[in-house]
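Just so you know, residue 1 is the first one in the sequence shown, and it goes up from there.
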Amino acid sequence: MGKSKTTKFKRPQFNSVGLPVTVVKEGDGEEEEHGDDSCPAAELLEKLQSPSADVREFACASISRVVQQSQTIPGFLQRDAVRRLGPMLLDRSLAVRETATGALRNLSACGGQEVCEDMVKHDIMTPLTALLREVRLHRCFSLTASLQLLPISSCYSNINESSSQALSVFNKSGLLDVVVQCLEKHPHNLELAISAAHCLHTVTEDNPELLCSMNTAVLGALENVLLSSQPGVTQTLLRTLAAGTLWNMKSSLPAARQAETVNAVVATLSQCLDLDAGMLIPELRQAEELRHRNAPAVSDIEGQAPEELAEEEMIEEEEAPKQKRNGKAAKVDNDFSDLLPRGKEELREATALLTAQQTSLEIIVNMCCSDDPSDDEWEEESSSDESDMGPDGLCDGVSNLMSPLCLSAEVHGALINHSIPQKVLKKTEFPKKETVNLCHQNPSWRGLIKKMERVQSRALTCLHSILSTMDAESLGGATALQEAAQHLSSMVFGAPEIPKDEEFLEAVISAMRSLLQMIASKNIPQCMTPQQLMSLSETATRCDVVSVRVNAVAILGITGSTLAKEKGTAETLQMIGNALLQVATKDPELVVNGEALDALFDVFADGEEAETAAKNISLLPALKALQPVFKTKIRKEGKGKYSPQQLCVLDNIRVNLRRFIGYLEKVLKK
């Protein structure tokens with residue numbers, strides 16, 4: 001069904017130091033599941049009305065802590081928590097303002113889309129805007145300002161895709177100047193600067209109204225960050241966020257500076273990817289242990305030693321609510337690493353490192369993703385008119401959709417000059433076993449394991465994007481492609497069984513599809529056997545994620561069309577054909593059915609081996625039986641459920657199915 005396209009990454013939710021948010025599980029012996037009766041929402045929200053500032057501060061701080069357990073959030077929403085917390089942002093007590101800001105930040109980060117829509121509905125942006133104007137008026141660029149800035153960043157990260165109102169408030173309220181002033185404090189207040197950089201990275205994405213108001217002061221502040229040479233991985237995160245913002249701003253840059261800026265952005269991302277997390281994380285862990293050994297045996301503010309506190313403040317990844325995006329489940333990153341006590345600097349550094357590398361890879365993916373055409377353009381390209389037939393009797397529409405995505409010369413040159421493809425491939429390797437074991441030994445560091453795996457998955461997605469936008473020569477030619485194929489093969493087939501983690505499977509199978517397409521187009525020998533690819537596809541076709549199943553059948557199509565040109569492959573083609581027929585007939589998703597049919601067209605389009613296999617599996621009667629079912633399914637399920645792009649391709653396949661049946665009738669009568 002055409003060349004697969006990578007969805008652009010939206011910014012994840014971030015905390016006050018710009019690190020993605022993980023849920024902190026309480027270690028005080030409470031049950032993990034709380035019903036409505038055990039949720040303290042009613043009592044805490046009532047305390048917000050107390051005449052005592054200390055009580056109001058306690059209530060806000062408690063809400064901030066409790067809502068990190070996502071199962072408690074419905075209880076707060078049912079009691080109108082957003083509307084009741086809003087006035088606290090303008091409380092006469094500065095301490096109440098700070099804790100209320102933290103409560104809203106955590107509520108928006110852990111609550112996801114529903115909470116952020118509730119915030120827009122209850123006009124939370126008005127007190128937030130007033131608060132930030134006061135910050136600007138008094139120039140309070142302290143940690144307080146950082147805490148006050150963050151809820152805007154978190155809110156926009158969540159509602160940027162679905163609500164134009166929040167962005168409109170930001171655009172019209174003069175908040176850009178406040179954020180830039182916070183960014184300029186990076187030499188002296190790094191946490192504040194990272195929060196500002198994340199906010200800019202969020203609000204500049206797909207926001208042409210704001211980009212029109214960008215001035216030289218904004219550009220200068222970002223360039224100063226990019227050119228800073230201060231050491232440390234937290235500084236690397238700051239520079240990465242600044243690079244992402246500059247990429248978002250590319251259309252508003254003077255033409256004469258675009259090539260230079262793109263090169264500087266890619267250079268920053270390249271430097272970030274150069275860092276070896278497998279080496280640095282053990283070093284940071286050892287540094288923490290050494291510091292604890294040398295520290296005096298003093299108790300924490302709660303009367304606990306640092307080691308005991310580490311055991312109780314376990315940082316783990318909680319399965320976040322899944323949101324549907326383009327037919328697949330999209331996980332929301334929830335990661336509260338800024339809630340670590342000040343005694344965990346090394347863990348903060350490790351988290352910042354992995355966040356920076358994940359963000360760098362996401363930016364590269366977005367650089368490789370061309371914007372989707374408008375709905376009207378897709379409708380114009382639809383090939384329901386059967387006059388648009390190519391010389392082979394099949395619709396040209398499919399091949400039009402398979403045209404390569406294009407990179408500008410500046411981006412292409414910068415990615416190649418900084419060896420980005422090679423560095424991305426390096427990041428696709430599994431996290432070092434020694435590093436994983438080291439993190440697993442300490443409860444506070446266990447959350448890093450999931451983050452390392454996520455960097456790997458982002459690298460695989462990035463590899464897919466690079467393979468989809470560059471030619472074989474730019475990637476090092478046949479030898480480099482074979483090495484990449486061998487690498488992916490060892491990742492997937494090196495273990496006793498194929499990994500079933502959905503995030504990994506989705507990423508690796510998309511990368512493998514792109515690589516196999518390129519290898520097949522260049523007639524480069526494959527290092528993966530048909531049996532291995534069948535095993536992978538069988539695993540993938542049982543996955544709940546639609547895009548995984550689509551790529552699985554596409555891989556079978558690529559493999560089969562290659563084998564059809566070789567002698568003695570009829571038996572393998574029968575196996576592939578039966579698998580594709582099974583998917584085309586029984587998969588519940590129409591787009592997967594269509595991809596399976598498209599793969600069948602490729603596999604059985606030509607050759608004696610294909611003809612023999614087609615007869616042996618009764619392909620012609622099977623397709624004749626399927627034809628009316630597929631046509632009816634498009635008519636009943638198509639509109640409203642699928643995008644114009646998908647409908648265009650499905651319409652092409654419907655036409656091609658009729659033509660392919662006619663082709664088989666002629667061929668098999670010989």
Side-chain angles (χ1 to χ4, degrees), residues 15-16 21 23-31 34-111 115-116 118-119 121-135 138 140 142-152 154-155 195 299-304 309 312-313 336 338-342:
N15 59 39
S16 64
V21 198
V23 175
V24 176
K25 292 190 176 179
E26 298 301 310
D28 55 6
E30 294 180 358
E31 293 294 326
H34 299 268
D36 232 20
D37 294 339
S38 62
C39 178
E43 180 183 356
L44 292 175
L45 291 171
E46 189 64 31
K47 290 182 185 295
L48 295 177
Q49 308 305 316
S50 171
S52 168
D54 288 343
V55 173
R56 296 196 301 276
E57 179 188 355
F58 168 80
C60 290
S62 298
I63 292 170
S64 180
R65 178 181 62 84
V66 171
V67 297
Q68 293 166 43
Q69 302 175 53
S70 57
Q71 65 269 25
T72 68
I73 290 177
F76 283 92
L77 295 183
Q78 291 162 10
R79 294 169 176 83
D80 225 4
V82 172
R83 183 184 60 80
R84 297 167 76 173
L85 277 167
M88 299 296 103
L89 295 175
L90 300 177
D91 194 275
R92 59 183 177 273
S93 166
L94 180 60
V96 172
R97 294 185 191 187
E98 290 185 18
T99 51
T101 304
L104 283 167
R105 178 271 313 275
N106 293 0
L107 191 60
S108 69
C110 284
V115 173
C116 293
D118 206 34
M119 288 183 170
K121 176 183 174 183
H122 287 103
D123 195 24
I124 201 69
M125 303 312 298
T126 296
L128 278 174
T129 300
L131 181 60
L132 282 176
R133 281 176 174 161
E134 188 171 321
V135 171
H138 296 291
C140 304
S142 60
L143 181 57
T144 298
S146 179
L147 289 173
Q148 292 168 350
L149 175 63
L150 184 85
I152 289 183
S154 292
C155 283
S195 182
S299 295
D300 192 76
I301 56 173
E302 298 292 335
Q304 297 166 291
L309 186 65
E312 290 202 348
E313 296 200 350
F336 274 92
D338 66 319
L339 297 177
L340 293 167
R342 290 292 166 181

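Distance CG/Leu48 to OG/Ser62: 10.0 Å, rounded to 0.5 Å. Taking CD of Glu46 as the reference point, atom CD of Gln49 lies at 6.5 Å (rounded to 0.5 Å). Note: Glu98 CD to Cys60 SG = 11.0 Å, rounded to the nearest 0.5 Å. Leu45 contributes atom CG, which lies 11.5 Å from atom CD of Gln78 (distance to the nearest 0.5 angstrom). For the atom pair NZ (Lys121) and CG (Asp123), the distance works out to 13.0 Å, reported to the nearest 0.5 Å.
In this structure a side-chain-to-backbone donor-acceptor pair under 3.5 Å is missing from Thr72 to Gln68.
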Would Glu57 and Val96 satisfy side-chain contact (heavy atoms from CB on, under 4.5 Å), going step by step from the backbone distance to the final call? CA-CA 5 Å; Glu57 179 188 355; Val96 172; 4.1 Å; yes
task = Kindly indicate, with the supporting measurements, whether the criterion side-chain contact (heavy atoms from CB on, under 4.5 Å) is fulfilled by Ile63 and Leu107.
result = CA-CA 8 Å; Ile63 292 170; Leu107 191 60; 5.8 Å; no
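The pair Glu43-Arg79 fails the salt-bridge criterion, with no side-chain N (NZ, NE, NH1 or NH2) lying under 4.0 Å from an Asp/Glu carboxylate O.
Residues His122 and Arg84 form no side-chain contact, since every pair of their non-hydrogen atoms from C-beta on lies 4.5 Å or further apart. Contact check for Pro127 versus Leu90: side-chain heavy atoms found under the 4.5 Å cut-off.
In plain terms, the two heavy atoms of Arg56 and Asp91 that are nearest each other are NE-OD2, 2.9 Å. Heavy atoms only, all atoms of each residue included: Arg92 and Pro51 are closest at NH2-O, 3.8 Å.
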